[in-house]
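Presented below is the structure to which this report refers.
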Amino acid sequence: MAYEVDDILEALDEEQREAALSLHGPTVILAGAGTGKTRTITHRIAYGILRGDYAEQKVMALTYTNKAAGELRGRLRQLGVQSVGAKTFHAAALAQVEFFWREFFGIEAPRVIESKAKAIGAAAEKLKIRLDPNTIRDLASEIEWRKYSLLSMDEYRDRISDRPAIAGLAPIRNFEIQEVYESAKVKAKQVDWEDVLLLCSGMLKAEPRALEHVHQQYRFFTVDEYQDISALQQDLLDTWLGDRTDLCVVGDPNQTIYSFTGASASFLENFESRYPDATKISLTKNYRSTPEIISVANRVRGSQNLEPLEAIRPSGAEPVFRGFDSKAEECSWISEQIADALRAGVKASQIAVLYRINGQSEFIESALADAGIEYQVRGGQRYFNRPEIMSATRLVRAEAASPTPRDMYEGVTAIARSLGWQSIAPNVSGTELEQWEALNSFVQIAEELPPGSTMNDFAAELDERTRSQHEPTKESITLSTIHAAKGLEHKMVFIVSANEGYLPISYAKTEAQIAEEQRLFYVALTRAKDSLSITWHKTDVNDSRVRTPSRFIALAQPGF
């Protein structure tokens, strides 16, 4: 479909249209949950291009998650915009580092390490320190926090005593492991993903020709989820911008849930101080959830300085608040509710069970397995790392490089069939069914591309999705931590184990930490479209402690 300029604006509500019309200079959009922020920024970009204000190749749209970057690209394609650079900060920075390293230094850029965890483990072994997987994960997070906060090793050493302790590791050992980790990377001519951002910013500042090239290439910037930006990412964004001010940022302070990684909502909250002439627009109309769910979310929202959400959808079912004597009873009830919903015709991919930490998934996994319900744990095996998908991708690249490539859809389906796919789901289970579902999703990616796309287009799409890990949706129940569910939405959402010690998490002690846990609960609530259930339990297996409901339940349900 060919869009005209007026078509773009007609698809927006009054608030969204105001944002789309603000094409030049600094613009800040405060977008509440479910208010159509992705629609707004993609239509704004498309409107600017169709009007002739923007050159398509000079627009850079930035976000933080691979899924969000993929969604931005897909939405822009649907609006007829093909060449906008819609990427994560890391993907954009890596592309520039690889290009300019060859261009100006005549050598390949340092390689990104395959596994930070392995590198940390190797550094610890060199110091004769044995670390368990949880400690390695915590160390990886601490390294990321240090770099996102723009701290040198010396600056970090001065602040390490104020940092949360890493279980089983004295601060001096933490510091020593990080030193060895950094030295080993330099010696191996390798970098981690945070180094990519540091390298890009440093390279552009040190090489005027590279900086001028970037300034000429990109003129108009849009940053999604701006409440999640870190000092390091802000520094890189400032470098890309130079003295230009054509910057649009969109975010929601109520959804600031990544402070532990170095993210800071202060950049969003202080945007107007930095840019006194900025245009400010608030999106408050929620199109995702029923009024009943929005009422609960508005009571829980962390920043009362922001306007409450306004529900646009018709009335629906009241959210369910329910406590159980044991975790087993809680998970059994949830599996029964899910089974009833599936029988009633709700698609499995529209149902999610959310929890605070990964360790909480075990019992719900067991309950669903006992009921014969298929599920996927978000953050499990990467789709593009599956053997059958790697084989299919190699065959697509070979087909695209041939002198006479087949029609895209014909070629993709032929490749999928050669690896065992068929158009009708087989009557199998387990690994065989997983392989069919993976290949079926592969075919569906081809179906999402615009008519007339070629095998070369499909190969390029696969490369981009592999790099950004923009994975297809599997037709099964989603189990996820609340952090990993950010940006998703489901018809039916269960928030499980909403107990003190989980929500808020036990190590959240300060007022700021508790406020972030409250925002996390808000994020969980606003993932639900039609049905919301919040459950908790009194006792865990092999634990005599009596647990109490989360303090946030009293906010969500007056009179609790």
Query raised in the report: Between atom CG of L72 and atom NZ of K87, what is the distance when rounded to the nearest 0.5 Å?
Result: 13.0 Å
Report task. Give me the ring orientation class for F100 and H213: parallel if the planes are under 30° apart, tilted from 30 to 60°, perpendicular past 60°. Result -> perpendicular
Query raised in the report: Which residue, S349, S480, S476, forms the side-chain contact (heavy atoms from CB on, under 4.5 Å) with Q376?
Result: S476
Query raised in the report: Do L520 and Q518 have side chains that get closer than 4.5 Å, going by heavy atoms?
Result: no
Report task. Step through it carefully: locate the ring centre of F271, locate the ring centre of Y275, and say whether they are under 6.0 Å apart. Result -> yes
Report task. For K205, look at atom NZ and say whether over 12 heavy atoms of other residues, nucleotides or ligands are found less than 6.0 Å away. Result -> yes
Report task. Looking only at non-hydrogen atoms, find the nearest pair between H215 and W240 and report the distance. Result -> CD2-O, 3.1 Å
Query raised in the report: Looking at side-chain heavy atoms only, is the closest gap between Q233 and L197 below 4.5 Å?
Result: yes
Query raised in the report: For the residue pair S531 and A528, what are the closest heavy atoms and their distance?
Result: O-CB, 3.7 Å
Query raised in the report: Does N254 offer a backbone N or O that forms a donor-acceptor pair with the side chain of R301 under 3.5 Å?
Result: no
Query raised in the report: Between Y226 and Y64, is the ring centre distance below 6.0 Å?
Result: no
Requested in this report: Taking all non-hydrogen atoms of both residues into account, name the closest pair between Y148 and T261 and its distance.
Outcome: CD1-O, 3.2 Å
Query - Side-chain (E56) to main-chain (Q82) donor-acceptor, under 3.5 angstrom - result: yes
Query raised in the report: Between I338 and F494, is a side-chain contact (heavy atoms from CB on, under 4.5 Å) present by the stated rule, with each step listed?
Result: CA-CA 9 Å; I338 290 174; F494 296 87; 3.6 Å; yes
Report summary line: A86 and L76 have their tightest heavy-atom pair at CB-CD1, 4.4 Å
Query - Student check: side-chain heavy atoms of F221 and V249 closer than 4.5 Å - result: no
Report task. Say whether, by atom type as modelled, one donor and one acceptor occur between the side chain of Q227 and the main chain of T256 under 3.5 angstrom. Result -> no
Report summary line: Rounding to 0.5 Å, atoms OG (S201) and CG (D238) come to a distance of 8.5 Å
**Report entry** Check: K147 and D192 side chains under 4.5 Å, non-hydrogen atoms
**Finding:** yes
Query raised in the report: Do R77 and E461 pass the salt bridge (Lys or Arg N to Asp or Glu O under 4.0 Å) test, and can you show the C-alpha distance, the side-chain angles, and the key distance before you say yes or no?
Result: CA-CA 12 Å; R77 275 202 204 104; E461 176 73 8; 2.4 Å; yes
Requested in this report: Go through the steps for S264 and S266 under the test side-chain hydrogen bond (donor to acceptor under 3.5 Å, both in side chains), then give the verdict.
Outcome: CA-CA 5 Å; S264 173; S266 64; 2.6 Å; yes
Query raised in the report: With a 4.5 Å limit on heavy-atom distance, are the side chains of Q57 and Y218 in contact?
Result: no
Requested in this report: Start with the C-alpha distance between L309 and T35, add both sets of side-chain angles, then the distance that settles side-chain contact (heavy atoms from CB on, under 4.5 Å), and finish with yes or no.
Outcome: CA-CA 8 Å; L309 294 173; T35 57; 3.9 Å; yes
Report summary line: Interatomic distance, SG@C200 vs CG@D195, rounded to 0.5 Å, equals 12.5 Å
Query raised in the report: Are E194 and R146 close enough, and set up right, to give a salt bridge (Lys or Arg N to Asp or Glu O under 4.0 Å), and what steps lead you there?
Result: CA-CA 10 Å; E194 295 71 53; R146 168 172 59 82; over 6 Å; no
Query raised in the report: Hey, is E517 close enough to R356 for a salt bridge, meaning N to O under 4.0 Å?
Result: yes
Query - S149 side chain vs L151 backbone, donor-acceptor pair below 3.5 Å - result: no
Query raised in the report: Can you check whether E212's main-chain N or O pairs, donor with acceptor, with Q217's side chain at less than 3.5 Å?
Result: no
Query - Evaluation steps, side-chain hydrogen bond (donor to acceptor under 3.5 Å, both in side chains), between T63 and E225 - result: CA-CA 6 Å; T63 189; E225 302 286 8; 5.9 Å; no
Query - Interatomic spacing from CZ in F552 to CZ in R299 - rounded to 0.5 Å - result: 15.5 Å
Report task. Carefully, step by step, assess E292 and S315 under the rule side-chain hydrogen bond (donor to acceptor under 3.5 Å, both in side chains). Result -> CA-CA 7 Å; E292 289 77 9; S315 185; 2.3 Å; yes
Report summary line: For P253 and L30 the tightest heavy-atom approach is CD-CD2, 4.3 Å
Requested in this report: Scan side-chain atoms only and decide if T27 and T279 contain a donor-acceptor pair under the 3.5 Å cut-off.
Outcome: no
**Report entry** Expected output: side-chain R17 to main-chain A11 donor-acceptor under 3.5 Å
**Finding:** no
**Report entry** Heavy-atom check, side chain of I8 versus side chain of L50, under 4.5 Å
**Finding:** yes
Query raised in the report: What distance do L247 atom CG and L237 atom CG have between them, rounded to the nearest 0.5 Å?
Result: 5.5 Å
Query - Verdict with reasoning, V223 to F89, per side-chain contact (heavy atoms from CB on, under 4.5 Å) - result: CA-CA 9 Å; V223 184; F89 273 86; 4.2 Å; yes
Report task. Let me see the working for Q255 and Y522 under side-chain hydrogen bond (donor to acceptor under 3.5 Å, both in side chains), right down to the final yes or no. Result -> CA-CA 8 Å; Q255 297 188 70; Y522 171 85; 5.6 Å; no
Query raised in the report: Of all heavy-atom pairs between F321 and A556, which one has the smallest distance, and what is that distance?
Result: CE2-CB, 3.7 Å
Requested in this report: Find out whether I45 and V84 are in side-chain contact, i.e. whether some heavy atom of one side chain is under 4.5 Å from a heavy atom of the other.
Outcome: yes
Requested in this report: Verify side-chain contact (heavy atoms from CB on, under 4.5 Å) between I534 and V320, making sure each step is shown before the conclusion.
Outcome: CA-CA 6 Å; I534 300 103; V320 173; over 6 Å; no
Report task. Count the heavy atoms of every other residue, nucleotide or ligand shown that sit under 6.0 Å from CD of E14, and state whether that count exceeds 12. Result -> no
Query raised in the report: Do I312 and N286 touch side chain to side chain, with heavy atoms closer than 4.5 Å?
Result: no
Query raised in the report: Is a salt bridge present between E155 and R159, judged by a nitrogen-to-oxygen distance below 4.0 Å?
Result: no
Query raised in the report: Nearest 0.5 Å, what's the OG1-CG distance between T413 and D407?
Result: 8.5 Å
Query raised in the report: Given K116 and E144, is the salt bridge (Lys or Arg N to Asp or Glu O under 4.0 Å) satisfied, shown in steps?
Result: CA-CA 10 Å; K116 184 179 287 178; E144 291 162 14; 3.1 Å; yes
Report task. Look only at the side chain of D457 and the backbone of T454, and say whether a donor-acceptor pair between them is shorter than 3.5 Å. Result -> yes
Report task. Decide yes or no on salt bridge (Lys or Arg N to Asp or Glu O under 4.0 Å) for E18 and K280, but give the supporting numbers first. Result -> CA-CA 10 Å; E18 182 184 358; K280 178 182 175 182; over 6 Å; no
Report task. Anything under 30° is parallel, anything over 60° is perpendicular, the rest tilted; go ahead and classify F260 against H483. Result -> perpendicular
Query raised in the report: Under 3.5 Å, is there a donor-acceptor pair between the side chain of S453 and the main chain of L449?
Result: no
Requested in this report: Please check if the side chain of R313 supplies one atom and the backbone of Y287 the other of a donor-acceptor pair under 3.5 Å.
Outcome: no
Query raised in the report: With a cut-off of 6.0 Å (strictly less than), are more than 12 heavy atoms of other residues, nucleotides or ligands near CZ of R244?
Result: yes
Query raised in the report: Do Q16 side-chain atoms and D13 backbone N/O form a donor-acceptor pair below 3.5 Å?
Result: yes
